[in-house]
Amino acid sequence: MRQAIQNARSLLERLPRARLGFFPTPLEKLERLSDRLGISLYIKRDDFTGINLFGGNKVRKLEYLLGQAAVDGATHAITYGATQSNHAMETAAACRRLGIQPILYLTAVVPPKPDELRSNLLLDHLLGAEIHIVPIEPGETEADAEERSFAMGAERAAELNRSGKICVDIPMGGASPLGSVGFAAAMAELSEQADALNGLRFSRIYHSTGTGGTMAGLHAGRAMLDMDVQIISVAASPKDESANLDRVFSLCRAALETIGSGAVPDRSRMQVNLTQWQPGYEQPNDASCEAIRLLAADEGLFVDPVYTGKALAALLADARSGRIRRGENVLFWHTGGATALFAEPEILGDAVTGG
Ligand SMILES: Cc1ncc(COP(=O)(O)O)c(C=O)c1O
């Protein structure tokens, strides 16, 4: 493994990277939850990536995305998400560190109350981002409104570029080949840490998936390092299974190309777990509420209702059903997002009171 890690690292080092976060993030065993479930459960603490208190998976992507933007002399960066988007907030913060003006187009999946700023939207304001709220108009779907936000962003970028500024357009979730490189690099980081723990090997990695950028990067890293691990990507929103896998697979291949690796990813090993997203994006369910409470009660750690609570709920369900065998080494990749605990009551649901 050591040689494969070195090869991966020397390829990755050729790409521009803005050093924004705290890496490597800790890899820890969850002793009490392991005992409860009868498995050997570890956590990768990407809630600790920085660059501020709130961490999360986007910092890994932004190191590469904004690393390139800085080389290109960007003065402005536009990105997209929901009004409580972790990606949008982390992008705004990272832009500030690099002297780039952040511009956000935020689709109001859960409409914010204008007189009561909460959570990431509040932080976006503190960060002084240029904020455009895009409501979902009557007769429009969430996807329609998102499409409209992309068109608005493209128009704003063109206007800035015409006026002599340099504006980069970062896709929603940072889901581009360059963004996914961050998670291929993360697999090299994980492998190094696991090697140092007496050659620890995980049979499964559970993580939350939204735009698919993290998933594509994890699979790119898996292919590059020739790791034999099952990656269970737990959907935070409804997905057309095969179209989504096609998209993630091509993103994964494009990430490997960007890195300059000849590794070939295996589409048949890609799987999205669709058991937990209901009733919808930013809408909690009983299992995610229980997962939030259980991790807090057993380990003093927090997962969120939108992403990581649902991913942990899938892991808990698989451990309880016996799909994860007793004693298996399993990794829960914490991708951050705890600010959602302070978002609108519709987003948090009954996590506190039980439900
Ligand atoms: C906390 C958290 N976990 C997981 C994800 C999913 O990551 P991706 O969009 O790369 O699939 C996101 C991003 O949307 C997130 O904010």
Side-chain angles (χ1 to χ4, degrees), residues 25 43-49 53-62 64-65 79-94 104 106-107 109 119-121 123-124 142 146 170-187 205-221 231-239 244-245 247-249 251-252 255 270 272-274 276-277 281-282 284 288 291-292 295 301-315 332-343 347:
T25 56
I43 187 166
K44 180 75 172 141
R45 297 291 306 275
D46 273 13
D47 50 333
F48 257 21
T49 52
L53 261 182
F54 307 111
N57 56 345
K58 304 308 178 213
V59 179
R60 291 188 185 275
K61 300 181 185 187
L62 289 165
Y64 288 93
L65 288 163
T79 200
Y80 311 85
T83 45
Q84 290 299 3
S85 163
N86 298 309
H87 162 72
M89 185 279 285
E90 290 295 334
T91 302
L104 308 177
L106 304 176
T107 303
V109 178
S119 185
N120 286 329
L121 188 56
L123 299 174
D124 296 339
E142 192 181 314
E146 276 171 10
I170 296 177
M172 190 150 69
S176 74
L178 196 53
S180 290
V181 167
F183 266 89
M187 283 296 253
I205 295 174
Y206 285 77
H207 77 101
S208 171
T209 187
T211 60
T214 301
M215 177 179 173
L218 291 174
H219 279 277
I231 298 169
I232 297 109
S233 306
V234 184
S237 49
K239 294 190 189 311
N244 179 60
L245 283 185
R247 204 175 48 78
V248 174
F249 184 60
L251 193 52
C252 174
M270 292 185 166
V272 174
N273 177 315
L274 289 164
Q276 301 295 330
W277 63 265
Y281 179 65
E282 289 192 336
S288 60
I292 292 172
L295 191 69
L301 300 179
F302 301 111
V303 280
D304 78 281
V306 182
Y307 293 101
T308 49
K310 289 186 174 178
L312 183 60
L315 187 159
F332 174 64
W333 202 307
H334 195 316
T335 48
T339 48
L341 292 169
F342 309 103
I347 294 178

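All values below were derived from every heavy atom in this structure, side-chain atoms included, with hydrogens, water molecules and symmetry-related copies excluded. Indexing begins at 1, ligand by ligand and atom by atom, following the structure's order. Quick caveat, the model's predicted, so the values are computed rather than measured.
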H87 vs T79, test: side-chain hydrogen bond (donor to acceptor under 3.5 Å, both in side chains). Steps then yes/no. CA-CA 8 Å; H87 162 72; T79 200; 2.7 Å; yes
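- Every protein residue with a heavy atom nearer than 4.0 Å to ligand 1 is included here: N57, K58, K61, N86, S208, T209, G210, T211, G212, G213, T214, Y307, T335, G336, G337.
- Between S180 atom OG and H219 atom NE2 the span is 11.0 Å, to the nearest 0.5 Å.
- Residues satisfying the salt bridge (charged side-chain N to carboxylate O under 4.0 Å, His left out) criterion with K44, sequence neighbours excluded, are E189.
- Contacts of F302 classified as side chain to side chain contact (heavy atoms under 4.5 Å, CB included), with partners at least two apart in sequence or in another chain: A296, L341.
- K310 and S288 make their closest contact through CG-CB, 3.7 Å (heavy atoms, listed as atom of the first residue, atom of the second, distance).
- Applying the salt bridge (charged side-chain N to carboxylate O under 4.0 Å, His left out) criterion to D46, with sequence neighbours excluded, gives R60.
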